[in-house]
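So you know, we letter chains A, B, ... as the sequences are listed, proteins then strands, and number each from 1.
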Amino acid sequence: MPELPEVETVARQLAPLLAGRVLRRIDVRGPLLEVADRHLARGRRVLGVTRLGKQVAIALGPAGRGTAACRLICHLRMTGRLIWLGPGETRGNPRHVRATLRFDGGRLLFIDPRRFGTLRMESADAPVGNSGTDPMDGRFTPPVLAGLLGGSRQGLKPWLLRQDRLLGIGNIYASEILFAARLDPRRAAGSLSRGEIRRMFGAVRSVLARAIRHCGTTFSDFGDTRGRPGGFGRLLAVYGREGLPCRGCGRSVRRIVQQSRSTFYCERCQGPRRAGMFVA
DNA sequence: GGGTACCTGAAA
DNA sequence: TTTCAGGTACCC
């Protein structure tokens, strides 16, 4: 589930649950986190929980005099989930628990069936990886987007998945953003006009912001005792809607494959502009 | 650039 | 049984 809106939701929900708590111990199953790093985490207080790209960052204070602050970075990849359990609380017998972070007054379960997810410890001043621009950051503007698109000949949809350009966009929101921007996913990323870049900028912001407001597209709770999916799923315009009528024009939504991954779009709404073209 | 691999489970 | 899945590292 985790693209930017889902990870943002997780971080926002975790922040008030974890802030101020002391991390007592981390138990792992498998090679998720080195013994030395697990030891390093003990006894530290949580300063905050934020999103870094698609990752959840748990900032930890120093462990004593002369020690530096650090942070735990969790990447959920495809199937990772973070579930908070208060004192004595249980959730049946959860399968695929890869790590348990034990705090005063509760524990955080890292559940990940496919085991693609990662957990690592780094120093608080480590540079944020992959160097892409966060599209929800105020420094992201249409000229910045224009610079990132540069002269790229890559298709727009594969381009949107690149974490060294924009952070946090994945396969669902890439299709949704291009539908909102009325841009063909196969267009070369570097071929957009200034007006099209403005449209794309607006779509990136509005689609992600709306998905965040609806707590993402699908995922089970945590913090909340009931399993509750994100509310954005029913608002998807094209993703997962192959053959269904486009919400804009009614024509059936197409699915194509780009770089071995599904792309959904509407040929009419995202086709070449007709205005200004010669008519036969 | 694009294809494949990583791993498991759900759905076709 | 086969295919597909919200991510990304690594191969040519």
Side-chain angles (χ1 to χ4, degrees), chain A residues 1-11 28-32 51-56 73-82 92-99 110-120 128-132 134-135 148-179 185-191 204 207-208 210-212 214-222 227-244 255-264:
Chain A
M1 33 185 128
E3 296 182 42
L4 185 151
E6 291 75 32
V7 180
E8 181 72 32
T9 302
V10 170
V28 296
R29 296 190 55 181
L32 205 51
R51 174 183 64 78
L52 292 180
K54 289 178 190 172
Q55 307 178 118
V56 176
I73 303 284
C74 183
H75 198 314
L76 275 27
R77 296 287 184 98
M78 300 280 266
T79 54
R81 293 174 179 200
L82 290 170
N93 187 15
R95 302 171 68 194
H96 312 302
V97 176
R98 303 301 171 199
F110 179 29
I111 294 179
D112 184 21
R114 277 173 90 173
R115 301 192 222 170
F116 289 164
T118 59
L119 188 62
R120 67 177 201 280
V128 176
N130 34 24
S131 73
D134 193 294
L148 291 170
L149 288 165
S152 172
R153 286 183 300 184
Q154 194 166 29
L156 273 173
K157 155 62 166 34
W159 186 90
L160 277 171
L161 300 181
R162 296 181 56 168
Q163 303 300 299
D164 61 337
R165 293 296 186 271
L166 287 180
L167 290 174
I169 294 166
N171 211 38
I172 292 179
Y173 297 109
S175 284
E176 293 298 308
I177 286 165
L178 292 174
F179 175 79
R186 300 162 300 181
R187 280 275 298 279
S191 73
V204 167
V207 167
L208 295 178
R210 187 152 172 258
I212 290 171
H214 290 271
C215 297
T217 295
T218 277
F219 68 95
S220 208
D221 75 325
F222 68 116
R228 226 179 18 179
F232 196 71
R234 63 196 164 76
L235 299 177
L236 292 173
V238 287
Y239 184 86
R241 301 191 66 244
E242 181 181 16
L244 295 174
R255 181 178 85 95
I256 58 174
V257 174
Q258 293 178 288
Q259 290 187 188
S260 322
R261 315 204 62 196
S262 293
T263 297
F264 299 87

Expressed in whole Å, how much space separates the P atoms belonging to C:dC4 and B:dG3?
14 Å

Just by modelled atom types, is the A:S262 backbone N or O under 3.5 Å from a matching donor or acceptor in the A:N171 side chain?
yes

Does A:R162 have any salt bridge (Lys or Arg N to Asp or Glu O under 4.0 Å) partners at least two apart in sequence or in another chain, and if so, which?
A:D164

Any base atoms under 4.0 Å from A:R95, or only sugar-phosphate, or nothing? Heavy atoms, all strands.
sugar-phosphate

Look at all strands and tell whether A:R261 reaches a base, only sugar-phosphate, or nothing, counting heavy atoms closer than 4.0 Å.
base

Is any side-chain nitrogen or oxygen of A:Y173 closer than 4.0 Å to OP1 or OP2 of C:dG6?
no

Whole-Å distance, A:F116 CZ to C:dG7 C1', equals 8 Å

If the P atom of B:dA11 is compared with that of C:dG6, how far apart are they to the nearest Å?
15 Å

Between A:L208 and A:P135, is there a side-chain heavy-atom distance shorter than 4.5 Å?
yes

Between CD of A:E3 and P of C:dA5 the distance, given in whole Å, is 13 Å

Restricting to non-hydrogen atoms, name the atom on A:G231 and the atom on A:R234 that form the minimum distance, rounded to 0.1 Å.
O-NE, 3.7 Å

Report the secondary structure of DNA chain B in dot-bracket form, marking unpaired bases with a dot and bases paired to a different strand with |, and treating Watson-Crick or G-U pairs with both distances under 3.5 Å as paired.
||||||.|||||

Going 5' to 3' along DNA chain B, which nucleotides are the first and last within contact of chain A (any atom under 4.0 Å from a heavy atom)?
B:dG1 to B:dG9

Output yes when a side-chain donor or acceptor of A:Q163 lies under 3.5 Å from a complementary backbone atom of A:G132, and no otherwise.
no

In whole Å, I'd like the distance from the CG atom of A:L160 to the P atom of C:dG6.
15 Å

Which nucleotide in the list C:dG6, C:dC4, C:dG7 gets nearest to the side chain of A:K54?
C:dG7

Can you name the residues that form a side chain to side chain donor-acceptor pair (under 3.5 Å) with A:R153, not counting sequence neighbours?
none

Check: protein-nucleotides 9-12 of chain C nitrogen or oxygen pairs below 3.5 Å:
none

Any A:H75 side-chain nitrogen or oxygen under 4.0 Å from OP1 or OP2 of C:dT8:
yes

Okay, side chain of A:S175, backbone of A:Y239: is any donor-acceptor separation there less than 3.5 Å?
no

Output the rounded distance in Å from CD1 (A:I177) to P (C:dG6).
15 Å

If the test is side chain to side chain contact (heavy atoms under 4.5 Å, CB included), which one of A:V238, A:V204, A:L156 qualifies with A:L178?
A:L156

Checking A:A211 now: which residues fulfil side chain to side chain contact (heavy atoms under 4.5 Å, CB included) with it, not counting sequence neighbours?
A:P5, A:Y173, A:F232

Ignoring hydrogens and geometry, is there a side-chain-to-backbone donor-acceptor pair from A:E242 to A:F264 under 3.5 Å?
no

Distance, rounded to the nearest Å, where A:L119 contributes CG and C:dT8 contributes C1'
17 Å

Taking atom P in both B:dC7 and C:dC10, what distance in whole Å separates the two?
15 Å

By nearest-heavy-atom nucleotide on DNA chain B, the more 5' of A:H96 and A:R162 is A:R162

Starting from the C-alpha separation in whole Å, work towards a yes-or-no answer on side-chain contact (heavy atoms from CB on, under 4.5 Å) for A:F110 and A:V28.
CA-CA 9 Å; A:F110 179 29; A:V28 296; over 6 Å; no

Atom CG of A:L166 and atom P of C:dG7: how far apart are they, to the nearest Å?
14 Å

Closer than 3.5 angstrom, by distance alone: can the side chain of A:K54 be matched with the main-chain N or O of A:I169 as a donor-acceptor pair?
yes

Nearest whole angstrom, please: distance from the P of C:dT8 to the CZ of A:R165.
15 Å

Round to the nearest Å and state the distance from A:L82 atom CG to C:dG6 atom P.
20 Å

